[in-house]
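Okay, so here's the structure we're looking at.
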Number of protein chains: 2
Amino acid sequence: MSSSAQDRRRSLLQETRCDSCRLSSLCLPLSLDTNDLERFDSIIRRHPPIKKGTRLIEQGDPFTSIYAVRSGSLKQTITEGSGEAQLTNFFLPSEIIGLDGISDGLYTGSVVALEMTTVCEIPFDRLDTLSQTLPELRSQLLRTISKELHQDRRMMQLLSRKTADQRLACFFLGLSDRFRRRGYSPFSFRLSMSRADIGNHLGLAVETISRILGRFQQQDLVAVSGREVHILNINDLTRLADTETN
Amino acid sequence: MSSSAQDRRRSLLQETRCDSCRLSSLCLPLSLDTNDLERFDSIIRRHPPIKKGTRLIEQGDPFTSIYAVRSGSLKQTITEGSGEAQLTNFFLPSEIIGLDGISDGLYTGSVVALEMTTVCEIPFDRLDTLSQTLPELRSQLLRTISKELHQDRRMMQLLSRKTADQRLACFFLGLSDRFRRRGYSPFSFRLSMSRADIGNHLGLAVETISRILGRFQQQDLVAVSGREVHILNINDLTRLADTETN
DNA sequence: CGGGAGCTTGATGCCAATCAAATAGGGTGG
DNA sequence: CCACCCTATTTGATTGGCATCAAGCTCCCG
């Protein structure tokens, strides 16, 4: 093995350590000190990179691990009875996948990569054991699940009380905020999901997404080119997103 | 104080102890042994009965405790921005209220009693401390939150992919199942919530609820008299609830 | 460069919201 | 105990927003 290959390998290993991960302040170990961080780090498993369209989790499989997104993005879809799949969630770097599987011991939905994606696998039983002695970790785990609950409730409001335009505005603002928190521009970003995915997630037809995008561009709210998005007028977009006339 | 009053008082105290609560097998302490149960019991606070229409929790108040419903029922509503309130949840006996407040340290919605209701107050900091030494309790807490996540995801599917008829069918079936688990008849029960509450929860107008109820009765799926519900044909109702044509 | 998935645009129809009004119910005070 | 009032519920008529169906277009990607 050449020296440069060794370097690359070491760099990869290094890269997967929490203490050198620039996402650690957003992720599960957020409030651990150096020593505890190392203990947390030691239970994490490497996971091979996931190619676009590849499934990380299959709905109904036994629940064993949760996953933290390191890079890339994924979508979760739940198929219920004879119904069509519902896209319940998009996952961006530092977000945690699989928490809804704890209760039944089964993953409740399938999770598929939207682009080349890397994740950290965290075996749940070891996490649980570790959380016994690390109150901060336990607390952060609860906070993370609880936050997801909160977001789901907001999503329920979106789905039952907002118009199509408001839904898409909320979606863009939500993405914008998530990018901002991760240190990216909140005004310019690339969608890793298709229009169909967005429509499915927001409870709208693809055609509706397309039409609203056109309308938003006419109003100079956003500029869209393919999957490239620029938010031009975040004030009006925000105003639109929570207009009284729900 | 008369002897009978003393008896009643003792009986009330007795009644609030987990080990004599017939709901304990559905509630948080579900998997604790006698000894651990006592420790859990000791952190629970009495809470005065809540009259119909009275608020237990105000949205935005600091998060301090979670509550287990002992008898009666409640609704949670979330008010977002300038929008109208969204009814996110109904709580029946043994269900846990307030878990979505953990993440931000604030209650995310207001909770109001739908009838005369009693609850057990569980201070969260003490629960967290106790869960450090009781793995079963920790596990059950996580399972409970995770289950709520799961249910929210199903709700999202209902709101975005189901017709009005299917939504109401799902609602009845969900209630039926929850009553069954609690030892009540899954076919005859009394709704503690108004048509308006049901509509709000399902993302439908009151008038729509009323009309669908009429239709369901014509089809002999259910018999409804005021808030008294009898499920007459659970097979057809189930079939309707997850028809392919979403 | 060709094929195919993804996206856009147009025309039409339907489900459920909204507006309007009548009726039933249920709790309260006389 | 009953009449009354206010709220909850039902029923009808109309409207509108978004889905659906149908084509045409574009952009990747092999």
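Below, chain A is the first sequence line, B the second, and so on; all start at residue 1.
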- Base, sugar-phosphate, or nothing: which does B:Gly203 touch, judged by heavy atoms less than 4.0 Å apart? sugar-phosphate
- Task: Answer yes when A:Arg70 and A:Glu95 have at least one side-chain N-carboxylate O distance shorter than 4.0 Å, and no when they do not.
- Result: no
- Query: Does a side chain donor of either A:Gln86 or B:Ser160 reach within less than 3.5 Å of an acceptor in the other side chain?
  - Reply: yes
- For B:Leu213 and C:dT23, give me the distance from atom CG to atom C1', rounded to whole Å. 17 Å
- Query: How many Å lie between NZ on A:Lys162 and P on D:dG17, as a whole number?
  - Reply: 17 Å
- Whole angstrom value for the distance that separates P of C:dT8 from CZ of A:Arg215: 13 Å
- Query: Looking only at N and O atoms, is any donor in the side chain of B:Arg211 or the base of C:dT18 less than 3.5 Å from an acceptor on the other one?
  - Reply: yes
- Side-chain donor-acceptor contact under 3.5 Å, A:Ser192 with A:Arg227: no
- Query: Expressed in angstrom and rounded to an integer, what is the separation of A:Asn200 atom CG from D:dC18 atom P?
  - Reply: 17 Å
- Task: Scan B:Leu204 against the nucleic acid and name what it touches under 4.0 Å (heavy atoms): base, sugar-phosphate only, or nothing.
- Result: sugar-phosphate
- Message: With a cut-off of less than 4.0 Å, is there a side-chain N or O of A:Arg227 near OP1 or OP2 of C:dC7?
- Response: yes
- Item | salt_bridge(A:Lys52, A:Glu115) N-O dist < 4.0 Å | no
- What nucleotide among C:dA16, C:dA17, C:dT8 has an atom nearest to a side-chain atom of B:Ala205? C:dA17
- Once you round it to whole Å, what is the distance between C1' of D:dT9 and CZ of B:Phe216? 17 Å
- Message: Quick check on DNA chain C: between B:Thr208 and B:Lys52, whose nearest nucleotide comes earlier from the 5' end?
- Response: B:Thr208
- Using heavy atoms to find the nearest nucleotide of DNA chain D for B:Val224 and A:Val206 separately, return the residue whose nucleotide is more 5′. B:Val224
- Message: Distance check needed: C:dA22 P versus B:Glu207 CD, whole Å only.
- Response: 16 Å
- Query: D:dA8, C:dA16, C:dT9: which one has an atom nearest the side-chain heavy atoms of B:Ser194?
  - Reply: D:dA8
- Query: To the nearest Å, how far apart are B:Leu202 CG and C:dA16 P?
  - Reply: 12 Å
- Item | Proximal nucleotide (of C:dA16, C:dT8, D:dT11) relative to the B:Ser210 side chain | D:dT11
- Within the 6.0 Å centroid threshold, strictly below: B:Phe187 and B:His230: no
- For B:Gln218 and D:dT11, what is the distance between atoms CD and C1' respectively, to the nearest whole Å? 12 Å
